[in-house]
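All figures in this text were calculated on a predicted structure; none of them were measured in a lab. Counting starts at 1 for both ligands and their atoms, in listed order.
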Amino acid sequence: MKTIIGIPASPGIVIGKAFQHIENAMNEVLHYIIQKDQVESEWKRFLEAQAEAAEEIRTLHNHLLENQASKEQVDILEAHLMMLEDQDFQDQIRAYLYENHQNIEWVVQDMCFAMKERLLASQDPFLQERVADIDDICRRLIYKLLKVQRISLKDLNTDVILVCHDLLPSDILSMNRERVKGIVMDEGSRTSHTAILARAFGIPTVLGLSKGTKEIKPGEELVVNGNSGEVIIRPEQQVVTQYQWAMVQYHKSVDELLSLWDIPAETKDGYRVSLKANIEIPQEAAQVAHFGAEGIGLYRSEFLFLASGQLTKEEDQYCAYCQVLETMGDLPVTIRTLDIGGDKLLPELMAEDEKNPLLGWRAIRFSLSRPDLFKTQLRALLRAGVNGNLRIMFPMISGIEELEQALAILEEAKAECCKKKLAYGEAIPVGTMIEIPSAAMTADILAERSDFFSIGTNDLVQYTLAVDRGNEKVGYLAQPSHPAVLRLLKQIIDQAHARNIKAAMCGELAGDPLAAALLLGLGLDEFSMTAQAIPQVKRIVRGADMASCQALAQEALRCTSYQQVILLLEAWMSKHFPQTPLDINK
Ligand code: PEP
Ligand code: MG
């Protein structure tokens with residue numbers, strides 16, 4: 001038995017068998033020069049891998065046909081087979097190998113990179129869409145060359161605890177989530193999108209274990225404690241029994257909290273705030289009422305694109321937005337425009353080789369540079385706005401110029417709806433996400449052109465403290481309680497109120513019970529979080545009084561370090577909620 005400790009990223013306890021997911025075989029591709037007399041055998045290896053890959057695709061193709069899969073899925077496989085067996089493709093690989101004498105995995109990878117770059121550089125959307133296909137073929141070939149078994153997470157058919165080095169948000173979206181009972185990962189942090197999705201889907205998760213994949217062998221029994229960050233490998237029977245008991249207790253306490261679902265989020269002295277849910281896929285909207293959400297404070301629309309791995313057409317977007325709006329009835333639904341880039345790559349639209357993706361072509365920057373795609377999304381949103389209480393929000397605004405440009409494109413989208421005689425919501429409030437320090441510092445200016453603010457603390461912390469939110473090595477620095485972050489929060493909320501607009505928060509801090517009293521004291525109007533966190537935050541709101549929260553906020557703003565702030569918040573919690581464990585969400 002051995003215990004390793006990581007970051008508790010999604011609550012809950014689970015016991016099960018480890019399933020090693022080798023998702024990064026591409027990273028294992030080595031580069032070396034081969035001797036002239038080895039070239040022939042490298043070419044033979046390629047031909048064998050190609051034949052095996054083609055056979056695999058044929059089997060999959062037959063399986064799809066037998067199961068009456070959609071024509072689109074069948075067409076994709078047929079296209080892959082054609083590309084794989086294309087004489088030109090083979091000739092290019094052969095020529096590269098014979099000229100450069102490098103190992104064949106490297107040749108395949110390098111050729112595929114070059115092909116992808118050419119496609120991305122073309123202005124033709126059809127050609128750009130082929131990038132994902134090249135990726136897939138390249139991956140399939142390299143897996144065959146490296147003799148790595150490629151088990152798709154979609155095809156899991158027994159319950160497992162997924163053990164991996166890293167997992168993309170799109171992997172979580174596409175995997176068989178019924179079967180993944182827990183996730184254990186070497187990389188990642190609490191605010192990485194992988195963690196956010198794991199919480200959304202209620203999968204107990206521990207991240208940032210560094211060497212978890214080296215310590216855990218496939219098939220080994222594990223206990224994953226998503227509340228504390230502990231992962232126990234090969235637990236003794238006595239420990240398993242203890243955790244089975246802990247699981248029952250945990251579910252009981254969750255059920256107790258759920259009974260708060262229909263009572264208002266109001267402090268003891270009658271100060272009312274709004275608690276809303278963050279969602280990533282439209283189907284989640286149906287469950288949020290169960291946790292007492294008073295609307296959707298953040299729908300991350302990019303996951304619609306990431307789930308399908310491709311651009312989503314206007315009609316499909318329209319249907320997804322309507323689904324959320326109709327599910328929520330009169331309750332407000334804030335839909336954020338596309339925030340791809342950073343750790344949310346859509347291969348069809350962007351190459352993976354940006355040097356600093358988190359500071360790069362992301363979110364509103366991407367949308368403003370592709371007004372065609374941006375307007376498609378805005379038209380879908382405007383039209384859906386007829387069917388409910390919609391609010392639109394722009395991500396990663398860095399200053400007034402970007403906000404003005406986005407608003408101008410929104411006007412163009414409205415004009416297009418008018419021209420096409422399409423009904424659209426005419427009075428949809430439009431908000432700005434404040435998640436870059438420059439936006440926080442100019443909140444007074446942005447407030448003049450915004451109907452509301454929503455503070456994205458995940459990125460605000462990342463950019464204020466210069467900490468990559470997905471990098472576990474510097475995760476300890478990502479402290480929302482840092483005095484720099486607190487001062488920005490105060491400034492944003494005060495500036496919103498000075499201009500009579502509401503200040504919401506949709507970053508992970510909004511769902512942290514330890515921070516609830518502080519945020520109330522700072523004057524936050526709306527808290528939006530993963531739905532499961534709502535009852536816990538509501539309990540704190542209902543047990544607090546504003547005078548005490550305001551005093552707490554004043555004192556926190558006078559602290560000189562994040563440790564001091566945390567001690568202060570913990571002392572406040574122990575005094576007002578002696579029964580609540582302090583590490584509920586940590
Ligand atoms: C944030 O940055 O806090 C936020 C809510 O947006 P995301 O996590 O999707 O970047
Ligand atoms: Mg963000």
Side-chain angles (χ1 to χ4, degrees), residues 9-10 168-170 172-173 188-200 207 275-281 284 296-307 333-346 357-367 391-398 402 406 431-440 443 452-471 475 478-482 485-486 488-489 492-493 503-512 515 519 524 526-531 533 585:
S10 174
L168 293 175
S170 51
I172 296 211
L173 287 170
S189 70
R190 256 192 73 75
T191 57
S192 60
H193 285 101
T194 303
I196 289 170
L197 284 172
R199 282 196 287 280
L207 304 179
L275 303 186
K276 296 197 170 74
N278 292 351
I279 61 166
E280 283 67 39
I281 55 171
E284 267 183 275
I296 305 288
L298 168 66
Y299 169 24
R300 292 179 162 98
S301 69
E302 60 276 9
F303 285 104
L304 194 60
F305 294 63
L306 292 169
V333 172
T334 307
I335 304 187
R336 173 175 80 181
T337 61
L338 209 55
D339 180 3
I340 49 169
D343 62 344
K344 293 175 285 190
L345 290 175
L346 199 58
L358 291 166
L359 298 181
W361 200 37
R362 212 195 128 180
I364 200 69
R365 302 162 183 194
F366 173 83
S367 293
R391 312 195 294 182
I392 295 176
M393 173 161 89
F394 298 130
M396 290 269 297
I397 293 287
S398 67
E402 278 175 330
T432 300
M433 274 197 81
I434 307 289
E435 47 185 349
I436 299 185
S438 59
F452 63 93
F453 280 164
S454 188
I455 309 171
T457 48
N458 309 337
D459 278 317
L460 188 63
V461 169
Q462 157 165 274
Y463 296 126
T464 305
L465 304 177
V467 188
D468 174 348
R469 61 193 265 191
N471 183 341
Q479 296 291 346
S481 320
H482 193 290
V485 178
L486 295 195
L488 290 179
L489 294 182
I492 300 163
I493 297 169
M505 179 180 286
C506 59
E508 294 303 301
L509 187 65
D512 184 346
L519 297 175
L524 192 71
E526 184 180 310
F527 298 58
S528 190
M529 64 201 83
T530 178
N585 245 7

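Checked by atom type, the side-chain pair Arg391/Thr334 shows a donor-acceptor distance below 3.5 Å. Inspection of the Asn278 and Thr530 side chains reveals no N or O donor paired with an N or O acceptor under 3.5 Å.
In plain terms, the two heavy atoms of Ala510 and Ser528 that are nearest each other are CB-O, 3.5 Å. For the pair Arg336 and Pro395, the tightest heavy-atom approach, listed with the atom from each and the gap, is CD-CB, 3.6 Å.
Residue-level check: among N/O/S atoms of Asp459, OD2 sits closest to the Mg ion (ligand 2). Nearest N/O/S atom of Glu435 with respect to the Mg ion (ligand 2) is recorded as OE1.
Listed by atom number, the atoms of ligand 1 under 4.0 Å from Arg362 heavy atoms are 10 (O). Which parts of ligand 1 touch Asp459 is read off a 4.0 Å heavy-atom cut-off, strictly below it: atoms 1 (C), 2 (O), 3 (O), 10 (O). Residue contact check: Ile196 has heavy atoms under 4.0 Å from atoms 8 (O) of ligand 1. Proximity to Arg300 (heavy-atom distance under 4.0 Å) selects the following atoms of ligand 1: 4 (C), 5 (C), 6 (O), 7 (P), 8 (O), 9 (O). Residue Leu298 approaches ligand 1 through these ligand atoms, each under 4.0 Å from one of its heavy atoms: 5 (C). Near Gly456, with a cut-off below 4.0 Å to any heavy atom, the atoms of ligand 1 are 1 (C), 2 (O), 3 (O). With ligand atoms numbered from 1 in the order given, ligand 1 contributes 1 (C), 2 (O), 4 (C), 6 (O) to contacts under 4.0 Å with heavy atoms of Glu435. Ligand 1 places these atoms under 4.0 Å from at least one heavy atom of Cys506: 5 (C).
For ligand 1, the polar-atom distance check finds no N/O of Glu508 at less than 3.5 Å from any of the ligand's N/O atoms.
Judged by distance alone, with hydrogens and angles left aside, the side-chain atoms of Gln462 form no donor-acceptor pair with the main-chain N or O of Asp468 at under 3.5 Å. Formation of a donor-acceptor pair under 3.5 Å by the Thr191 side chain with backbone atoms of Asn458 is not found in this model. In terms of modelled atom types and a separation under 3.5 Å, the side chain of Asn471 and the main chain of Gly188 share no donor-acceptor contact.
Residue Met505 does not touch ligand 1, judged by heavy-atom distances below 4.0 Å. Only the side chain of Lys344 comes within contact range of ligand 1, with a heavy atom under 4.0 Å; no backbone atom does.
What sits closest to atom 7 (P) of ligand 1 on the protein, heavy atoms only, is His193 NE2, 3.3 Å. Among all non-hydrogen protein atoms, the one lying nearest atom 6 (O) of ligand 1 is Arg336 NH1, 2.9 Å.
Residue contacts to the Mg ion (ligand 2): Asp339 brings no N, O or S atom closer than 2.8 Å.
A salt bridge links Asp459 with Arg362: the closest approach of a Lys/Arg side-chain nitrogen to an acidic carboxylate oxygen falls below 4.0 angstrom.
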Legend entry - Steps toward side-chain contact (heavy atoms from CB on, under 4.5 Å) verdict (Ile279, Leu298): CA-CA 6 Å; Ile279 61 166; Leu298 168 66; over 6 Å; no
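The distance from the CD1 atom of Ile335 to the CD1 atom of Ile296 is 9.0 Å, given to the nearest 0.5 Å.
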